[in-house]
Each structure stands twice: as structure tokens, then as C-alpha cells.
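By convention in this document, chain letters (A, B, ...) are assigned in the order of the sequence lines, proteins followed by strands, and residues within each chain are numbered from 1. Please read all numbers here as calculations on a predicted model, not as lab measurements.
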Amino acid sequence: MSDYWMKRRVTRRSALRGAALGGVGLAGAALIGCGGDDEEPSATSTAGGPSGSATPSSGTSAPSTGDVNRGGEIILTGGDLQKLDFQATISTPTQNASSLVFSRLVRYDPYSDANTYSIVPDLAESWEVEDDLVVFHLKQGVKWPNTEPLNGREFTAADVQYSYERVATDDAEFVHAYKLDPVASIDAPDDYTVVMNLARPAAGLLSDLASGQGMGLVPREIIEADGNLDTRWVGTGPFMLEGWEQGTRIRFVRNPEYHEDGFPYVDAVEWRFITDASTNLANFIAGELHYYALPSLEALDQVRSSTDSQVTTSPNLGGTHKMFNVRPDGPLPELADVRVRQAMNSALNRQDLLDFVVGGDGNIAGPVMPPGYGRWALSPEEIAELHGENVEEAAKLMAAVGLESLTVPHDYANTSSFSEDEGPIMQQQLARVGINLELIPEERTVYLQSQVDGQFTFQGIGMGGYPDPDNYLYPVFHSTGSKNYGAVSDPELDARIEEQQGILDEDERVEFIQNLDREWKNYLYRIYTVYPNTHQAWNSKVVNPFNYKGWDYRGLQAVSLK
Amino acid sequence: MARSVEGNVGLGLPAIGMSHRASRGRRLLRLARTKPLGAAGLAILLALCLVAAAAPLLAPHDPYESISGARLLSPSLDHPMGTDNLGRDLLSRIVYGARISLLIGVIAGTLGTIGGMAVGLASGYIGGSLDNILQRIVDSLMAFPGLILALTLVATLGPSLRNVLIAISVGAIPGTSRVIRGAVLSVKEEDYVSAARALGAPGWRIATFHILPNVMAPVLILASVAFGTSIIAEASLSFLGLGAQPPTPSWGVMLSGPSRRFMTTAPWMAIFPGLAISLVIFGVNVFGDALRDVLDPRLRS
């Protein structure tokens, strides 16, 4: 798993806080920079760009700016954006595209291996973390594009304050607000210092800020003029939006004023909105695409046999989970009884699901932490012991509840091939204990709305990868979580989630999370089956491919073409 | 006078009293000799019925069972049509899929034909405002291509085999009603109808016992066409995800989804259901053509 973000203990805390609040920002920054002999080095300032010493990933590394073939364009594929305002949508294509145009305070190192989420600077050069505040020091001389109404002005701490205050609103449209729940207030004591005052310790905050989901830094003048970010995209990232043809493509061109000298290498990036897997595979093999996340083992075999593509295979952090609606007045009140959920969990043969649904190309899921979580997750042996098929136990549980049979509607998005394949196998397995799984594929907008409205019973829900456990546990399972679609309200689980948020020592927190994993059968508000591996394939002409992670395609700035 | 109850006038067939079985057998033989394609089409449809009826005997495996170690196997002696991505035997699924096709063909075809007959009969016999209203509704429905109409109905009702049945049946009504209405308008001016009316027979009795038997000729053709188009419509709607849902072994379902994803690595997943659908379409078309050729001249005479 990722290196934990680093903190630095400040011995003159009161001076630091006083300086920030009193507006003597520059003096406070100097005091921080000076720090005493017993202070640890400041938070990593490993730059992901040309002048730093970025940690190379397996087989890739950030190149120097010298000997690079510049020009050309990168062609990618993916779904269409539903809207442009990435702070007000959950749409993955929107988040992915926004990472090219909008910078963040910090980001994930694209050159570490696929399951290592090292946090590296973006517009924040360094930072300090305490229990009750986080201070960011911004890179100086970063400019907005020289277009109306920004006119090339400098990016400042006020922009950070504005961006995050816009996100952290009660307006339900701003779906990423939960990431800033721990933040009580944000101050900008000077142009290059941002102070986040925390309502509670937040072990996962930096990971949330590094995410490409909703955390881009936005231009106040444009939002005030237009009311939103749905019309104009202007940011400090390596690329600028050239045009968006709905249903066809979105295209970006290099930002000549990008603050990292020498980047990007290519002139343009184009996303083509093609969702048919066969078409995408054919295009990739024909060399029409430069990058493709291969959807299956069969696709991987074809690519390997017919191209010289560079492919990275890694366990997945995200996957398709099975979510119970445990509302007392929900459509199936029986699911509120943990024994029924335990019965369903025990009746599943995950090895069969792995073999049939993904051809063995993946991992059996742990109780709650995905295998891609590295040290946060349990070992395969322990997972097999805790999570193995036990039809006898399942039958006993059903008998204990007094149920001879139970019909459980299982709805999922009709665009999910994984759910389409998994459903019939689960149906057969659950039928052995009297559970009749009714498969209901739904049109995507209906499916998404049912989550918000709570109009589902047992739903297959796709979840992206969240590098820090808290990024997942809190919004999904805490009674106040914004993604708690199943209406989980469990005071004991709430308490455990809150407790892990305050554990800043990584080893201690890993053990805490693993214990939660071991005891997940007492909760089982979601169950997990298998996680297919991810296969990231790059065209052989691409130099310095990176590992896509966390809704972030920023690594494209250092990609060039032979 | 007996013509009105014999029901054979429209067909120009021999009157009651002759050997129907022998004449029918001779007609079939003549059909097979003069219309070999039509005979082939009939044979295909009969084979469909046979396969559907004998599915449990013909299918070597449970069509829903995922067989361990049998994922994406190419055709072999163990699995003559191969297996799919979930390890299910394709031959078994094709055989059981015939049941779904037959079920939809028979039920939707019958309901559509009966519905069309009822509308056409009422519209033609009663006439007046009812005729105007019914025909304007029929005009509106006929403005849509049949599959689009069925698609719209299913999208409204929700995707399921039951709703596909309803949608296809409703879609068949307008065309059938038009033909029946025309025939009724012609027959209701006949002397025997006037005679029945003069004798005081109520309207429903005249329509049921005097008019309906004499407009049955085109019904045979319409029913056969409805049978075939219903099968095709079900396969189309299931392919689009609006009909039978996975894991039901409908040919249309088998042709969509996973078979497209595995087109290059396991083409048999698409080839065999596609062949089955193509064969039935061919059979329906050539049999329907032959039937029209045989029956239409008799109607004109």
C-alpha cells in the first residue's frame, strides 16, 4: 500500500497558529522553514515533474526534459462526460478529463507501481499535518491562462480556499463534499499559505485531497460569471480544453503557460467516446488508441499475441460490490437481520465466481478491504478461512431466522457485464439455501437514481478505488456518510470508523482496519465476491507510460511518442 | 344455404360430405411437389416444434448449469456447439431456446390474430362511429413500423418476456384487423346475411355464425405470418435487452451481451444462436410465401 503521508511535529505550534491567524503569514512560513534540530524533514517534496527525483514505477520513470520527442497527440477511449462541472458530478469520465486541466494541492505519484499511492506535490510544495490543522505551502509563480476574465493572474491561496469552500456545501449536487467533512474552516493568511482547521483528526484527508475526484482547483471569476463550470473549463493544468462534442469526443491541447517547464510533451490529447469493448479492443490492436484498460483476460491474450504493447497487470482496488438496503421500512425487511446477510454471504462460492466470471484473472475479495489494498488487506489464507463457502452454515442461519425460502431482487446496471455474468452463478449458489435471486438489469439512469432514492433491495454497485480505507469506510458505512445508500445506521460501526480516523500511526491503523475486516461478518452491510485484475495497456509507440490511478491522467504530461 | 355454416366457401373447398382427410392429404402432397421451398419451410417449423417439445430429451445438460472447467470451450464431441463464458452448454441452451421462440410465436401470434379478428369484425360489421374510431386508432398504430411499436410498448411496460408477449400481440392487431374488416365488408352484403337478419337473428349471432366463418380464409395466412414475425420480434427485443433477461436461454439473449464481448475468441457463442434465428426466419418466409400462393388464387375465384 502507499507510503503514509508524512507529518512534521512543530515545537512552536502556538507561534505557528498565531502567525497564521494574525496575518503575519510570511513570518510564520519562515519559522516553519527554519524548524529545530529535532524536527523531521518536511513533508515529501518529491516532485513528479522534471526537476524532482520522482520514484520510478516498475518499468517506467519520469524522464528528463532533455532528449524527448515532442509533439503528436494521444488518443484514449472512454465514456462520454455527463457534465463538465466536476465538483457537482460523480461521473468518472468527467473526473478523468478534469485531471488534465485542473491542478490539485497534492496528487498521487503516477510513477509508483499501480497499487502504491504515494502522495506527491502538485500546487502545494510542502505541507505539515497536526491533529487539528493542516498547513499547505503553495508553489509560487503559477499563473492562470491569459484569457478573460482571469487574464493570466497568479494562482493564490484564495483560489484554494474558494475551490474547497465551493465543494464543502450542503447542496446535494456537490457530491464530493464528504471528503472535506473533517475540515471546519479554511484560511488563506497570505497568497501562498493555506490553513485547513480540522474538526477532528483525519487520517485519510490528504489521500482525499490527492484524488482526482472533485478536488481540482477552480477559477472563481468564471464560476461567478457563469454560475458553474459547465460552460468553460480553465485551469492551471498541463492541457486546455479545445472542444467537447457530446457523444463523439473531447479534445485537449497543450497549455503554453503550464507552470512545470518543459511539459507536456505531446500537443494534444483526445478522448473518443466509444464504450463497446470489441470496438475498443480492435482499435487498440490496430494502433488507433494509445492506452486501453483491457476489460478481460481474453482481451489481454489478444493484445499480447498481436501487438508489442506494454501491459501492467495489478490487483484492483475497486470492483462491483453487493449492497443491501437495510432500512427498517425497506422493500425486504428480512435483510435488516444480519443472519440473513450472513447466510447469503456463506452460500457463495467465490472460487467458482472467480473462475467463471473472470476466468481466474483476479482475486477473491476480502471481507471488506480489497486485495489491491496491500498491507491493509488480510492475507489470502485468512480470507479463505473467514470468507469461504459454507452452505451448511448458510442453511442453518436461514433456519434460525425461520425462513424456508426468500426471494431477493438483485438489480444492477445493464451496462455492467460483470454483474450480468455474475448474477446467474450467484443465483445457482444461493438457490441451494432457499434464496431465489431475481436478476433485474436496469437502465443506467434508473439504476443510479434508485441508489439516491433508496429504491433497491440488493444491488450490484460499482465502486472505484479509494487508496485510503477511510476514503471508503466513512462515506459508505458511517450513518452520516454521503454514499450510505443502504441506510446503514450502526452505532458500533460508526464508533469504529471514527476511531480509525484518529489513528495517525500507520502500523496501528493497519492493525485496526484488519481487525475490522476479521469481524466484518457481524456487519455485512455489503458483501464482496471477486475483484478482476486491471490490465493497463499502452501502445508500443508510447514512451514513459504511467499507472493510471485515482481518476488522474496527469501522467499524460510526461508521455511522448516515438 | 348450407354454405354459411360450412365455412368452406371462401376457400373454394369441397362441400361437407366428401373425404376431407384424403383431399387434405392430396393437397399437401401437391404443395410439396409444386412448392418445394414452402415444404422445406414447413419442415423447419415442424422441426422447431419437435425440438421445443422434446427439449428435455434432446438437451445433454441443464441449460442454466455452469459446468466446472468448461468455460469458453470450442465445439467438440462433449459439447457439439461449444460452451459459453459461464461454462454452459450451448446446444442445451439452443434447444431450450426453441421453447421460448415457439411459445412466443404461438401465443403472440394467436392473440394478435384473435385480437385483430375481433377489431376487424366489430369495425366492419357494426360500422358507423365505432368503425371510424377503431380505424383511426388502427391508422395511428400502423404509422409505426411493427418492431418500433413493440419496442415502445416494452420500454413502457418494462423488459420481460411477459411484456414482450403483450407488445408483440398488440403490434399484430392493426394489420390483421384491416384484412378482416375488408373481408367482413364484402361478406356482410351477401344474401344469406340479409336472410339471417330478416329472420330476426341478433347481430352477435349473425357476426359469429354467418360472417366470421366466411372470412376465415385470410386468417390462416395472417396467423402463419404472425407466428413467424412474433419469433423474429422476440429475438430482436431480447437482443436489445428488452425481452427475455439473462440467464433465460432465449436465442436473442444469447446473441447479445457476452457473445459480442467474446466474438473474436469464442465466435460459436454468436454463430449458433444466429444460425437458429436465421433458419427460423427462412422457414417462416418461404412457408408463408407458399401458403399465400396456394390460397390466394382460390380466394379470387
* **Heavy atoms from other residues, nucleotides or ligands near CD of Gln246(A) exceed 12 (cutoff 6.0 Å)** => yes

* Heavy-atom contact with chain B under 4.5 Å, split by part of Glu442(A) -> neither

* Asked: Is the side chain of Gln428(A) donor-acceptor paired with the backbone N or O of Tyr64(B) at a distance under 3.5 Å, no angle test?
  -> yes

* To do: Mind ranking Glu65(B), Met263(B), Arg88(B) by heavy-atom pairs under 4.5 Å with chain A and telling me who comes out on top?
  => Glu65(B)

* If you draw a 6.0 Å radius around CG in Asp308(A), do more than 12 non-hydrogen atoms from other residues or ligands fall strictly inside? -> no

* Under 4.0 Å between a Lys/Arg side-chain N and an Asp/Glu carboxylate O for Asp421(A) and Arg261(B)? -> yes

* Heavy atoms from other residues, nucleotides or ligands near CZ of Phe273(A) exceed 12 (cutoff 6.0 Å) -> yes

* Structure fact -> Cut-off 4.5 Å, heavy atoms of chain B, and the answer for Ser278(A) is side chain

* Between chain A and each of Ala266(B), Gly69(B), Pro258(B), count heavy-atom pairs under 4.5 Å; write down the option with the most. => Pro258(B)

* Structure fact -> Rounded to the nearest 0.5 angstrom, the OG-CD distance for Ser66(B) and Gln427(A) is 10.5 Å

* Structure fact -> Bottom line for Ile67(B): the part with an atom under 4.5 Å from chain A's heavy atoms is backbone

* chain B contact via Val358(A) - which portion, at a heavy-atom distance below 4.5 Å -> backbone

* **Closest heavy-atom pair and its distance - Glu298(A), Phe262(B)** => OE1-CE2, 3.2 Å

* To do: Might you confirm whether atom CD of Glu443(A) has over 12 heavy atoms from other residues, nucleotides or ligands at distances under 6.0 Å?
  => yes

* To do: Inspect the surroundings of CZ in Arg444(A) and state if more than 12 heavy atoms from other residues, nucleotides or ligands are less than 6.0 Å away.
  => no

* Asked: Who wins among Ser417(A), Pro295(A), Ala282(A) for the most heavy-atom pairs under 4.5 Å with chain B?
  -> Ser417(A)

* Can you tell me how far CD of Gln245(B) sits from CD1 of Ile440(A), rounded to the nearest 0.5 angstrom? -> 9.5 Å

* Could you check if a side-chain atom of Pro424(A) sits within less than 4.5 angstrom of a side-chain atom of Leu86(B), using non-hydrogen atoms only? => yes

* To do: Just do the side-chain hydrogen bond (donor to acceptor under 3.5 Å, both in side chains) check on Gln302(A) and Thr265(B) with the steps written out, would you?
  => CA-CA 8 Å; Gln302(A) 280 190 268; Thr265(B) 51; 5.3 Å; no

